[in-house]
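Here is the structure we will look at, set down as structure tokens.
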Amino acid sequence: MNHVLDQAQAGMPRHLGIIMDGNGRWAKKRGLPRTAGHTAGAANFKKITRYCASIGIEYLTIYAFSTENWKRPSDEIEALLKIFQQYLEEALQDFLGENIRVNFIGDVSVFPENLQSLFARTEAVSADKTGMVLNIAMNYGGRAELTHAVHLLAEQVQRGALLPEQITEDVISQYLYTAGQPDPDLVLRPSGEFRISNFLLWQSAYTEYIIMDKLWPDFTTRDLDSALQEFSNRNRRFGGI
Ligand code: IPE
Ligand code: IPE
Ligand code: MG
């Protein structure tokens with residue numbers, strides 16, 4: 001905890017979260033189908049991820065697909081799955097040369113086999129990298145994550161491996177997809193929406209939020225710099241004075 005505070009006081013987030021939002025509106029503004037916005041968003045994801053690694057962000061968590069995004073029309077979902085596949089096939093080549101460790105967070109068991117195997121291959125290829133940890137949230141929801149953790153804990157208690165009073169905040173954190181990682185210091189939400197949309201609910205108890213009035217495909221490294229600048233001026237008290 002002290003380490004997290006030290007880093008936060010040094011002005012740079014150790015763990016940055018980004019809710020990639022606004023792809024659909026970006027496309028609509030240009031008279032394009034929403035899927036064109038997702039393609040542009042994926043390209044930007046690549047650029048911003050590289051930049052984060054280059055400036056020393058230790059953990060980057062990107063919200064790519066939520067547990068609620070299945071409500072979208074099937075043609076949009078199909079297009080998104082295709083983009084994820086294309087992106088990961090390319091990324092697999094890129095990651096061979098980059099010092100980024102990829103980790104998928106969320107229940108990925110619901111995705112088609114080919115995508116699941118791409119997720120697994122990407123994690124395997126990057127497993128021994130020592131640079132930035134990139135969490136890609138896929139079929140991720142903060143409530144689903146907590147429900148999953150509660151199921152695992154209940155099983156442990158049922159087997160007699162854990163006593164209810166042994167379930168502390170630290171133990172719960174260890175049962176989340178982000179086990180072993182620091183909580184996010186800063187979450188950015190482009191697209192101007194003032195809401196959390198089920199992202200890192202437990203982990204963001206004391207996270208700073210910056211909402212930016214830019215749609216994700218238009219979000220630049222300069223926008224990131226200005227958010228980091230704003231973050232460095234925030235006074236984080238964690239309930240203290
Ligand atoms: C974010 O952009 C991408 C995903 C949620 C997959 P949106 O598709 O939500 O774009 P808007 O919010 O409709 O503009
Ligand atoms: C949040 O964006 C989820 C992702 C970016 C993956 P949404 O567009 O789904 O969120 P709402 O519906 O505006 O809350
Ligand atoms: Mg949206």
Sequence neighbours excluded, which residues qualify as side chain to side chain donor-acceptor pair (under 3.5 Å) partners of [X]?
X: N99; result: T130
X: Q181; result: N135
X: S66; result: N69

Legend entry - ring pair (Phe, Tyr, Trp, His ring centres under 6.0 Å) contacts in which one or both residues fall within residues 129-153, not counting sequence neighbours: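 Listed by first then second residue: Y63-Y140, H148-Y177.
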Taking the hydrophobic residues Ile, Leu, Val, Met, Phe, Trp and Tyr, and joining any pair whose side-chain heavy atoms are under 4.5 Å apart, which ones share a cluster with [X]?
X: Y175; answer: L146, L152, L153, V157, L162, I167, V171, I172, L176, W202
X: I241; answer: none
X: L32; answer: W26, L215
X: Y59; answer: V133

If you look only at distance, which donor and acceptor atoms sit under 3.5 Å apart when one is on a side chain in residues 39-47 and the other is two or more places apart or in another chain?
residue : atom : partner : partner atom : Å
T39     : OG1  : T35     : O            : 3.2
N44     : ND2  : W216    : O            : 2.7
N44     : ND2  : F219    : O            : 2.8
K46     : NZ   : E90     : OE1          : 3.0
K46     : NZ   : D94     : OD2          : 3.2

Inset, instruction - Only pairs at least two apart or in different chains count here, so list each salt bridge (Lys or Arg N to Asp or Glu O under 4.0 Å) that has a residue in residues 97-119. - result: R50-E98
Inset, instruction - Can you tell me which residue pairs pass the salt bridge (Lys or Arg N to Asp or Glu O under 4.0 Å) test with a partner in residues 123-149, sequence neighbours excluded? - result: none
Legend entry - Heavy-atom closest contact (I18 atom, P190 atom, distance):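 Of all heavy-atom pairs spanning I18 and P190, the closest is CG2-CD, 4.4 Å.
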Inset, instruction - Under the ring pair (Phe, Tyr, Trp, His ring centres under 6.0 Å) rule, collect the residues that match up with Y51, sequence neighbours excluded. - result: none
Inset, instruction - In plain terms, say whether E230 and R234 are close enough for a salt bridge, that is, a side-chain N and a carboxylate O under 4.0 Å apart. - result: yes
